[in-house]
Colleague: 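Before we start, here is the structure in question, set down as structure tokens.
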Amino acid sequence: MNGYSRYKEQTIYSMSSAEQLLLLFDEAISRLNRAEYSLNDKNYSDFEDCITRTSRIVRYLMDILDMSQPISIDLRRIYNYLVYDLSIIKAGRERRQDEIGRIRHILSELREAFDEASRKVNDVHMVKESNIRG
């Protein structure tokens, strides 16, 4: 493993779980952007690779859900829908190009929600610490 790969791996392992989750959303959104450009350039192999990788990320997000949490049921439904829609886009290519933006929007909204929730959790912990000291 070269130095850059080792650095990249250490960076990922040192991230909090919230940061890793946001990184997954960022990568999925980035892949959808790239898929859209590849489709416009008629680079079908890159398009299919990007859609496949996005689908794998969404499936991974589904796999790591904590099903003891009530919101996980709704998230699982959303993720299932996204995987289904990604498979239709991959099969339809140009006929379904407009769907890429819609999926990207859904993933962006989920990313923002998780980012906001992680900030609130961190703020709550800070408030609790100040209450204990006071």
Colleague: How long is the span from the OG1 atom in Thr54 to the CZ atom in Arg104, to the nearest 0.5 Å?
Modeller: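 Between Thr54 OG1 and Arg104 CZ, I get 10.5 Å after rounding to 0.5 Å.
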Colleague: Heavy atoms, side chains only, cut-off 4.5 Å: are Asp49 and Arg31 in contact?
Modeller: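 A side-chain contact under 4.5 Å exists here.
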Colleague: How many angstroms lie between atom CD of Glu27 and atom CZ of Arg53, to the nearest 0.5 angstrom?
Modeller: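 One gets 8.0 Å once the value is rounded to the nearest 0.5 Å.
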Colleague: Going only through I, L, V, M, F, W and Y residues with side-chain contacts under 4.5 Å, is there a path from Tyr60 to Leu110?
Modeller: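 Tyr60 and Leu110: one cluster.
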Colleague: At what distance, to the nearest 0.5 angstrom, does CG of Leu32 lie from CD1 of Ile57?
Modeller: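 Separation between the atoms: 8.5 Å.
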Colleague: State whether the number of non-hydrogen atoms from other residues, nucleotides or ligands found under 6.0 Å of Ile71 atom CD1 is greater than 12.
Modeller: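 Counting other residues, nucleotides and ligands, CD1 of Ile71 stays at 12 neighbours or fewer.
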Colleague: Rounded to the nearest 0.5 Å, what separates atom CZ in Arg76 from atom CG in Asp63?
Modeller: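 The CZ atom of Arg76 sits 7.5 Å away from the CG atom of Asp63.
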Colleague: Before giving the answer on side chain to side chain contact (heavy atoms under 4.5 Å, CB included), spell out for Arg111 and Leu107 the whole-Å C-alpha distance, their side-chain angles and the decisive distance to 0.1 Å.
Modeller: CA-CA 6 Å; Arg111 186 208 183 281; Leu107 288 172; over 6 Å; no
Colleague: Would you indicate whether Arg102, at its atom CZ, is surrounded by more than 12 heavy atoms from other residues, nucleotides or ligands within a distance under 6.0 Å?
Modeller: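 More than 12 heavy atoms, drawn from other residues, nucleotides or ligands, come within 6.0 Å of this atom.
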Colleague: Atom CD of Glu99 and atom CG of Leu82: how far apart are they, to the nearest 0.5 Å?
Modeller: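 One gets 11.0 Å once the value is rounded to the nearest 0.5 Å.
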Colleague: With clusters defined by side-chain heavy atoms of hydrophobic residues (ILVMFWY) lying less than 4.5 Å apart, directly or transitively, does Tyr44 cluster with Ile89?
Modeller: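 The answer is yes; both residues are in one hydrophobic cluster.
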Colleague: Would Ser38 and Asp46 count as having a side-chain donor-acceptor pair, cut-off 3.5 Å?
Modeller: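 Yes.
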Colleague: Okay, side chain of Thr52, backbone of Glu48: is any donor-acceptor separation there less than 3.5 Å?
Modeller: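 Checking the backbone N and O of Glu48 against the side chain of Thr52, a donor-acceptor pair under 3.5 Å is found.
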Colleague: Evaluate the criterion side chain to side chain contact (heavy atoms under 4.5 Å, CB included) for residue pair Leu61 and Leu21; output intermediate values, then yes/no.
Modeller: CA-CA 8 Å; Leu61 291 170; Leu21 183 65; 3.4 Å; yes
Colleague: State, to 0.1 Å, how close Leu75 and Phe114 come at their nearest heavy-atom pair, and which atoms those are.
Modeller: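 Here Leu75 and Phe114 meet closest at CD1-CZ, 3.8 Å.
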Colleague: If we ignore angles and hydrogens, is there a donor and acceptor under 3.5 Å between the side chains of Ser55 and Arg59?
Modeller: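 A pair is found: one side chain offers a donor N or O, the other an acceptor, under 3.5 Å apart.
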Colleague: Mind listing the closest non-hydrogen atom pair of Ser72 and Leu65 along with its distance?
Modeller: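 Looking at all heavy atoms of both residues, the shortest contact is O-CD1, 3.7 Å.
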Colleague: So, taking the atom named CZ in Arg77 and the one named CG in Asn80, what distance separates them when rounded to the nearest 0.5 Å?
Modeller: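 Spacing of CZ (Arg77) from CG (Asn80) equals 10.0 Å.
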Colleague: Can you tell me if Asp41 uses its side chain to pair, donor with acceptor, with the backbone of Asn43 under 3.5 Å?
Modeller: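 Flag not set: sc Asp41 to bb Asn43 has no pair under 3.5 Å.
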Colleague: Hey, any chance Met62 and Tyr81 share a hydrophobic cluster, counting ILVMFWY side chains that come within less than 4.5 Å of each other, even indirectly?
Modeller: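 Cluster IDs for Met62 and Tyr81 match.
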Colleague: For the residue pair Gln69 and Asp66, establish whether any side-chain heavy-atom pair is separated by less than 4.5 Å.
Modeller: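 They are in side-chain contact.
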Colleague: In this structure, would Phe25 and Ile64 fall into the same cluster of hydrophobic residues linked by side-chain contacts under 4.5 Å?
Modeller: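 Cluster IDs for Phe25 and Ile64 match.
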